[in-house]
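Note that the coordinates shown come from a computational prediction; the quantities given were computed from them, not determined experimentally.
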Amino acid sequence: MASTVQMLSKETHEDSDERLDLLHVADLSMTLSLPTESFLKAAISLKDEIVETTWREGRGLIIDPTVYTGLLGTAFTCLRAYEATGNQQDLLLWAEIVETCAVVARTTKRHVTFLCGRAGVYALGAVVAKYRGDHQRRDLFLDLFVEVAQDEGGFGMSYELLYGRAGFLWAALFINKHLGEETLPTTLLMPIVEAVLAGGRVGASDNSACPLMYRWHGTRYWGAAHGLAGILHTLLHFPLSNKDMEDVKETLRYMVRNRFRHSGNYPSTEGNQRDKLVQWSHGATGVAITLCKAAQVFSSDREFRDAAIEAGEVVWKKGLVSKVGLADGICGNAYAFLSLYRLTKEELYKERCKAFAGFLYHNAKKLATAGDLRGGNHTYSLFQGLAGTACLWFDIVSPENSRFPGFEL
């Protein structure tokens, strides 16, 4: 256990804006002795605080209804709480919040993804209605979701996870996971999948070494939020043809070949030589989780398992960053270890996740408050604030069933 702390304590960074200093890292020595029950109690307490602040105190003042930074992230946290404890009050809260967000969603048509748009509202609405046995509301939300699919069809959108086609497809996968395969039929979804693949081939037409490439606002991103890691992770859940699957595989190989050799980290964008970001949005964390999925899909190819493990080492050495959230903070980085644990079944990765989660146990609120002082305003949000930490603590209790919110299924 001591070696776990010592290994991380050696890996400090001179840039205090991006990395925590040695004094903070030393706090990890307190984390490995925390019992699982402490994380569960902390998760429930933090969830209650999030609900009180974002829902009960702010009713009628909903500006942001999204999963990513808005009120729907509170609903998702209640979902995780319900899965962990079976508390019916969490189920009721989840349903109430979704209904309120659905009213707002009808007035905004800008985005249709799970994390940042209407698809997230309707997906969470259909699932909570199913759990409550309300078939009428379930079917209503499914109809609304299908309307979005038919209106947008995945076309006229970008391709990435936050705002694009991959984000819409992920919402459909979420529904099918909870309500049953073919709830949203393959015939509805595969044309969008094919559009994503076709767009990737067009985007890679100037690079014969990489079959798929995508641009978001003109930039070829690699990370999970806007780039290859997020798009490929979504595609890996669909029944692709041999040719399509080979293109996904070769694109992953291209990424592994072109990582930073001296550190093992991954560029945030194509050709970018700035080796600094280690987070879910950009860098090794999001890629590691995608490689874990690839290792499961291509189980005969040891290369993806090995690459995932190497990316996880980068997260361990560099991933105790100065922010708290899922998108670009410690919480998101901790999920890479849970993915590696499910892939390898090695206890080491549970220990590493517990080390990061334990550090948050002592420091999360301080880090979130500091983030607000730097210009943010998302203390309790899912992807940039404390709601992601609550989800992580719930997942620590049952790591074999863990999954990165809005990214893993």
Side-chain angles (χ1 to χ4, degrees), residues 5 8 12 16-58 64 67-81 84-85 90 93 97 279-281 285 319-335 337-338 352-397 402 404-406:
V5 177
L8 188 53
T12 57
S16 60
D17 288 336
E18 296 296 331
R19 295 282 296 157
L20 300 173
D21 59 34
L22 182 60
L23 177 63
H24 288 159
V25 174
D27 290 348
L28 282 173
S29 61
M30 299 185 293
T31 70
L32 295 176
S33 61
L34 283 170
T36 300
E37 293 76 14
S38 295
F39 287 112
L40 181 58
K41 290 179 181 178
I44 294 170
S45 176
L46 182 54
K47 179 268 300 180
D48 289 342
E49 182 178 340
I50 292 163
V51 168
E52 184 66 29
T53 303
T54 64
W55 174 238
R56 294 197 175 100
E57 293 180 4
D64 181 355
V67 173
Y68 192 78
T69 54
L71 184 60
L72 206 59
T74 299
F76 193 99
T77 307
C78 291
L79 177 160
R80 280 296 165 83
T85 68
D90 290 322
L93 283 167
I97 294 170
Q279 52 190 236
W280 175 79
S281 295
T285 303
L320 199 68
V321 294
S322 61
K323 296 181 181 179
V324 68
L326 286 170
D328 53 9
I330 298 168
C331 179
N333 288 345
Y335 270 99
F337 305 132
L338 290 175
R352 290 182 171 183
C353 181
K354 188 177 180 183
F356 276 31
F359 182 84
L360 290 171
Y361 183 89
H362 296 289
N363 296 284
K365 290 187 179 180
K366 179 170 60 178
L367 293 175
T369 301
D372 276 358
L373 292 175
R374 288 194 294 266
N377 188 28
H378 304 292
T379 301
Y380 293 99
S381 75
L382 185 63
F383 268 72
Q384 294 186 3
L386 293 168
T389 299
C391 289
L392 175 66
W393 288 341
F394 281 124
D395 277 336
I396 283 286
V397 177
S402 64
F404 193 111

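The side-chain hydrogen bond (donor to acceptor under 3.5 Å, both in side chains) test applied to Y68 returns no partner, not counting sequence neighbours. With sequence neighbours excluded, the residues forming a side-chain hydrogen bond (donor to acceptor under 3.5 Å, both in side chains) with T74 are T54, listed by chain and number. By the ring-ring contact (aromatic ring centres under 6.0 Å, His included) test, F76 is found to be paired with no residue, residues two or more places apart in sequence or in another chain being considered. Here A387 pairs with I50, T77, L382 under the side chain to side chain contact (heavy atoms under 4.5 Å, CB included) rule; sequence neighbours left out. With sequence neighbours left out, D328 forms a side chain to side chain contact (heavy atoms under 4.5 Å, CB included) with Q279, K323.
Side-chain contact check for Y380 versus V51: every heavy-atom pair is 4.5 Å or farther apart. Residues R56 and L93 are in side-chain contact: their nearest non-hydrogen atoms beyond the backbone lie under 4.5 Å apart. By the 4.5 Å heavy-atom criterion applied to side chains, V324 and L360 are counted as neighbours. L392 is listed as a side-chain neighbour of C353, based on a closest heavy-atom distance under 4.5 Å. Residues W393 and C331 are not in side-chain contact: their nearest non-hydrogen atoms beyond the backbone lie 4.5 Å or more apart.
Closest approach of F383 to P405, counting heavy atoms only: CZ-O, 3.3 Å. Closest approach of L320 to F356, counting heavy atoms only: N-CZ, 3.8 Å.
The aromatic rings of F39 and Y361 sit perpendicular to each other, their planes meeting at more than 60°, with 30° as the lower class boundary.
Rounded to the nearest 0.5 angstrom, I396 CD1 and S38 OG are separated by 12.0 Å. One distance of note links CD1 of I97 with SG of C78; it measures 4.5 Å at 0.5 Å rounding. Interatomic distance, D64 CG to L72 CG, rounded to the nearest 0.5 Å: 9.5 Å. Rounding to the nearest 0.5 Å places CD of Q384 at 6.0 Å from OG1 of T69.
If you look at W280 and F404, their ring centroids are closer than 6.0 Å.
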side-chain contact (heavy atoms from CB on, under 4.5 Å) between L79 and F394, intermediate numbers included: CA-CA 11 Å; L79 177 160; F394 281 124; over 6 Å; no
Applying side-chain contact (heavy atoms from CB on, under 4.5 Å) to S402 and F337, what does each step give before you reach the verdict? CA-CA 10 Å; S402 64; F337 305 132; over 6 Å; no
Could you walk me through whether N363 and K366 pass the side-chain contact (heavy atoms from CB on, under 4.5 Å) check? CA-CA 5 Å; N363 296 284; K366 179 170 60 178; 3.2 Å; yes
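Although no hydrogens or angles enter the test, the distance criterion places no donor-acceptor pair under 3.5 Å between the side chain of T285 and the main chain of N333.
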Contacts table for residues 40-47: side-chain donor-acceptor under 3.5 angstrom, sequence neighbours left out:
residue, atom, partner, partner atom, Å
K47, NZ, D90, OD1, 2.7

